[in-house]
Amino acid sequence: MEASDGVYECKARGLFRKKGISPNCGDNVEITPENESRGVIEEILPRKSQIIRPPLSNLDVLVFVSSVCEPKPNLLLLDEFIAIAEYKKIKPVVVFTKIDKQDSSVLAKLYRDAGLTVFEVNNMTGEGSEEVKSFLEGKLSAFTGNTGVGKSSLMNRIFPDLKLETNEISEKLGRGKHTTRHVQLYKLEKGGYIADTPGFSSFDTNRYDIIFKDELADCFCDFAQYIGKCRFPNCSHTKEKGCAVIEAVSEGKIAKSRHESYISMYEQAKQLKEWEHKND
């Protein structure tokens, strides 16, 4: 726990456990020092954002790292996590890696046109990594991405002394070995912190990050200027005639892949019973 007068190893009061509250990485707290190195957490201050799994609070930015090849990018998965970041009022940022192996311009344009901040990084030379580092200064950010996409290599570029464990991709499995085991904050030289998190598979969307169908369109920033302009006020933006979103897709103003991701997520959301989850 970092305080104005140093770093303390802290434990939480037992009353938090009784209330079912656990301190998260990124929490702002009030502590009582016991000595020069140890303290007790007395209060957890209100959180402006929260992710349950992995446990992170007060994030400003979620950085989604995706390789342009090896492994092939999963745009549906990427769109799902961008939507969750939007839903939780955390700024989503996309970083495409391995641009030395395959051109990233088409993918980068797709997401820039959708209104997202996008970086392209060559992990072999470090090209693009300084731009990522500068953007994150002064912010609390988290990096996440499937194993094998070059997330640890990128973080090692930003933090040369970090030496995060990296593994080559298993060709047989089509994915890398799981190398990141816990959440940890790293301080940036010019202010701000970066949290390293487990891969996408541990970023739980099934229970704690539910987006109901009526809220989903608001989590696609490229839909924003078209919502409210459809023929029907309760338009689902999936198949209706006179849908402004579908018309924008047909005119190339919204990427087809983004709309396909939305439809897939909408169909999943239709299966949810809101009353079963509102109190989870």
Side-chain angles (χ1 to χ4, degrees), residues 24 26 46-66 73-96 107-119 132 135-136 139-146 151 194-195 197 199-230 235-238 243-246 248-249 253-270 272 274 277-278 280:
N24 285 347
R47 297 160 172 162
K48 68 178 182 180
S49 65
Q50 182 179 11
I51 295 172
I52 303 296
R53 296 178 186 174
L56 279 165
S57 297
N58 300 314
L59 282 174
D60 299 305
V61 176
L62 261 174
V63 182
F64 300 104
V65 184
S66 175
N74 184 331
L75 299 190
L76 172 58
L77 188 63
L78 183 56
D79 289 337
E80 285 178 345
F81 289 110
I82 290 171
I84 289 166
E86 296 277 10
Y87 183 65
K88 290 185 167 290
K89 310 301 182 187
I90 303 168
K91 181 177 176 62
V93 169
V94 180
V95 176
F96 288 112
L107 281 172
K109 183 178 186 303
L110 188 160
Y111 284 95
R112 287 193 181 112
D113 287 350
L116 293 155
T117 300
V118 179
F119 296 96
V132 177
F135 179 82
L136 298 179
K139 304 177 180 75
L140 176 56
S141 310
F143 275 57
T144 191
N146 268 337
K151 179 167 66 77
I194 291 178
T197 73
F200 274 133
S201 60
S202 297
F203 191 89
D204 190 343
T205 64
N206 295 325
R207 174 171 176 140
Y208 295 104
D209 301 295
I210 291 168
I211 305 173
F212 294 104
K213 60 183 178 64
D214 294 338
E215 302 171 298
L216 184 60
D218 292 330
C219 301
F220 280 69
C221 54
D222 35 347
F223 291 13
Q225 62 181 303
Y226 306 105
I227 293 173
K229 298 180 180 179
C230 302
C235 185
S236 70
H237 316 301
T238 58
C243 172
V245 171
I246 292 174
V249 175
K253 296 175 181 176
I254 294 175
K256 186 178 179 181
S257 66
R258 289 278 291 166
H259 189 241
E260 288 173 347
S261 293
Y262 170 81
I263 291 174
S264 176
M265 294 173 68
Y266 189 89
E267 290 302 314
Q268 291 178 20
K270 279 170 62 176
L272 298 172
E274 193 163 335
H277 297 276
K278 274 296 186 184
D280 279 0

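Values below: all heavy atoms of this structure, side chains included; hydrogens, waters and symmetry mates excluded. Bear in mind that the values here come from a model prediction, so they are computed numbers and not experimental data.
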Next on the checklist: Rounded to the nearest 0.5 Å, what separates atom NZ in K91 from atom CG in D60?
Outcome noted: 11.0 Å
Item to check | Evaluation steps, side chain to side chain contact (heavy atoms under 4.5 Å, CB included), between T144 and F64 | outcome: CA-CA 5 Å; T144 191; F64 300 104; 3.5 Å; yes
Checklist entry - What are the two closest non-hydrogen atoms of T238 and H259, and how far apart are they? => result O-CE1, 4.2 Å
Item to check | Close side-chain approach of P73 to L78, heavy-atom, < 4.5 Å | outcome: no
Checklist entry - Is the shortest heavy-atom distance from the side chain of R258 to the side chain of I82 under 4.5 Å? => result yes
Checklist entry - L136 and V63: side chain to side chain contact (heavy atoms under 4.5 Å, CB included), yes or no, with the steps? => result CA-CA 10 Å; L136 298 179; V63 182; 4.0 Å; yes
Item to check | Between CG on residue L76 and OH on residue Y262, distance to nearest 0.5 Å | outcome: 14.0 Å
Item to check | Worked verdict on L62 versus I84 for side chain to side chain contact (heavy atoms under 4.5 Å, CB included) | outcome: CA-CA 10 Å; L62 261 174; I84 289 166; 5.9 Å; no
Checklist entry - For D79 and Y111, does a side-chain donor sit closer than 3.5 Å to a side-chain acceptor? => result yes
Next on the checklist: Can you give me the closest heavy-atom contact between V245 and Y226, atom names plus distance?
Outcome noted: CG2-CB, 4.0 Å
Checklist entry - Nearest heavy-atom pair of N58 and P46: which atoms, and what distance? => result OD1-O, 4.1 Å
Checklist entry - How close do H237 and I227 get, heavy atom to heavy atom, and via which atoms? => result NE2-CG1, 4.2 Å
Next on the checklist: Please determine whether side chain to side chain contact (heavy atoms under 4.5 Å, CB included) holds for the pair E80 and M265, giving the CA-CA distance in whole Å, both sets of side-chain angles, and the decisive distance to 0.1 Å.
Outcome noted: CA-CA 7 Å; E80 285 178 345; M265 294 173 68; 3.7 Å; yes
Checklist entry - Taking side chain as C-beta onward, heavy atoms only, is E260 less than 4.5 Å from I263? => result no
Checklist entry - Atom OH in Y87, atom CD1 in I211: separation rounded to 0.5 Å? => result 6.5 Å
Checklist outcome for this item: Rounding to 0.5 Å, atoms CG (L59) and CD1 (I90) come to a distance of 5.0 Å
Next on the checklist: Quick one, K253 with D222, criterion salt bridge (Lys or Arg N to Asp or Glu O under 4.0 Å). Give me CA distance, side-chain angles, the key distance, then yes/no.
Outcome noted: CA-CA 9 Å; K253 296 175 181 176; D222 35 347; over 6 Å; no
Item to check | Rounded distance [0.5 Å steps], NZ in K213 versus CD in E267 | outcome: 10.5 Å
Next on the checklist: Please check: side-chain N/O of K88 versus main-chain N/O of Q50, any donor-acceptor pairing under 3.5 Å?
Outcome noted: yes
Next on the checklist: Is there a side-chain contact between P92 and E86 in this structure, where contact means two heavy atoms from C-beta onward sitting under 4.5 Å apart?
Outcome noted: yes
Checklist entry - Looking only at heavy atoms, what is the nearest atom pair of L56 and A142, with distance? => result CD1-CB, 3.9 Å
Checklist entry - Of all heavy-atom pairs between F220 and A83, which one has the smallest distance, and what is that distance? => result CE1-CB, 4.1 Å
Item to check | Reported OG-to-CG distance for the pair S66 and L75, which is rounded to 0.5 angstrom | outcome: 7.0 Å
